[in-house]
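Contents: one structure, followed by commentary.
For this chain, numbers begin at 1 and follow the sequence in order.
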Amino acid sequence: MRRFLLAVSLSVGLGSGAFAQNAEIEANISEQIQAFKADDFATAFTFASPSIQRLFQTPDNFGQMVRNGYPMVWRPADIRFLELREIAGALWQKVMITDANGRVHILDYQMIPLEGGWKINGVQLLGNADPAA
């Protein structure tokens, strides 16, 4: 019985840590998208990892890339968080975004932990999804 209680206690403890991590990652992505919706590229840029910041150099360059390459992120109609996974040691958060025209897009956000919290280290467009599915 003790082993069973210990196993349950450990699994609950591990689960709550994963839940907190997942909540922090979702909050990070949500806050960046809110900044994009407000055209606040300076704030949106703060959620990007140092390597992404070095790549784009300025919030304006970063904002231009998002407006041109990821318009569904810049002006989403709806956002839903799907699964958080570990792939080759990196955490990837899958996000379903519905754009203003009702098209559904699946994106994968690579997240990295830094001293100040989670940062977005890249986004991959996985494709469109059928909203009726």
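Here the CZ atom belonging to Phe41 is positioned 11.5 Å from the CG atom belonging to Asn61, to the nearest 0.5 angstrom. From Ile97, atom CD1 reaches atom CD1 of Ile33 across 4.5 Å, with rounding to the nearest 0.5 Å. Between the CG atom of Leu82 and the CG atom of Leu126 there is a distance of 10.0 Å, given to the nearest 0.5 Å. Annotation: the span from Ile29 atom CD1 to Ile120 atom CD1 amounts to 5.5 Å, rounded to 0.5 Å. Atom CD of residue Gln32 and atom NZ of residue Lys119 lie 9.5 Å apart, to the nearest 0.5 angstrom.
Formation of a donor-acceptor pair under 3.5 Å by the Gln110 side chain with backbone atoms of Ala90 is not found in this model. Using modelled atom types, no side-chain atom of Thr43 and backbone atom of Asp40 make a donor-acceptor pair closer than 3.5 Å.
For Arg75, the CZ atom counts as densely surrounded, since its 6.0 Å shell holds more than 12 non-hydrogen atoms of other residues, nucleotides or ligands.
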Evaluate the criterion side chain to side chain contact (heavy atoms under 4.5 Å, CB included) for residue pair Phe47 and Trp118; output intermediate values, then yes/no. CA-CA 8 Å; Phe47 294 99; Trp118 289 95; over 6 Å; no
Stepwise side chain to side chain contact (heavy atoms under 4.5 Å, CB included) check, Phe36 with Phe62: CA-CA 10 Å; Phe36 285 136; Phe62 183 64; 3.6 Å; yes
What verdict does the side chain to side chain contact (heavy atoms under 4.5 Å, CB included) test give for Met111 and Asn28, after you've listed the backbone C-alpha separation in whole Å, the side-chain angles of each residue and the deciding distance to 0.1 Å? CA-CA 10 Å; Met111 305 300 297; Asn28 182 286; 3.8 Å; yes
Candidate pair Leu91 and Leu84, rule side chain to side chain contact (heavy atoms under 4.5 Å, CB included), full reasoning: CA-CA 7 Å; Leu91 286 181; Leu84 175 67; 4.2 Å; yes
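Residues Ile52 and Asn121 come closest through the heavy atom pair CD1-O, 3.5 Å. Contact detail for Ala44 and Ala35: the closest heavy-atom pair is N-CB, 3.6 Å.
If you check the side chains of Gln124 and Asp108, you find no donor sitting under 3.5 Å from an acceptor.
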Would you mind writing out the side-chain donor-acceptor pairs for residues 63-74 within the sub-3.5 Å range, not counting sequence neighbours?
| unit_1 | atom_1 | unit_2 | atom_2 | d |
| --- | --- | --- | --- | --- |
| Asn68 | ND2 | Gln64 | O | 3.2 |
| Tyr70 | OH | Val123 | O | 3.0 |
| Trp74 | NE1 | Asp39 | OD1 | 2.8 |

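Contact annotation: the side chain of Thr98 never approaches that of Arg103 to less than 4.5 Å [non-hydrogen atoms, C-beta and beyond]. Looking at heavy atoms from C-beta onward, Leu114 lies in side-chain contact with Pro50 at the 4.5 angstrom threshold.
For residues 87-96, the set of pairs meeting the side chain to side chain donor-acceptor pair (under 3.5 Å) definition, not counting sequence neighbours, comprises Glu83-Lys94.
In the hydrophobic clustering of this structure, Leu107 groups with Ile79; members are Ile, Leu, Val, Met, Phe, Trp, Tyr whose side-chain heavy atoms approach within less than 4.5 Å, directly or through other members.
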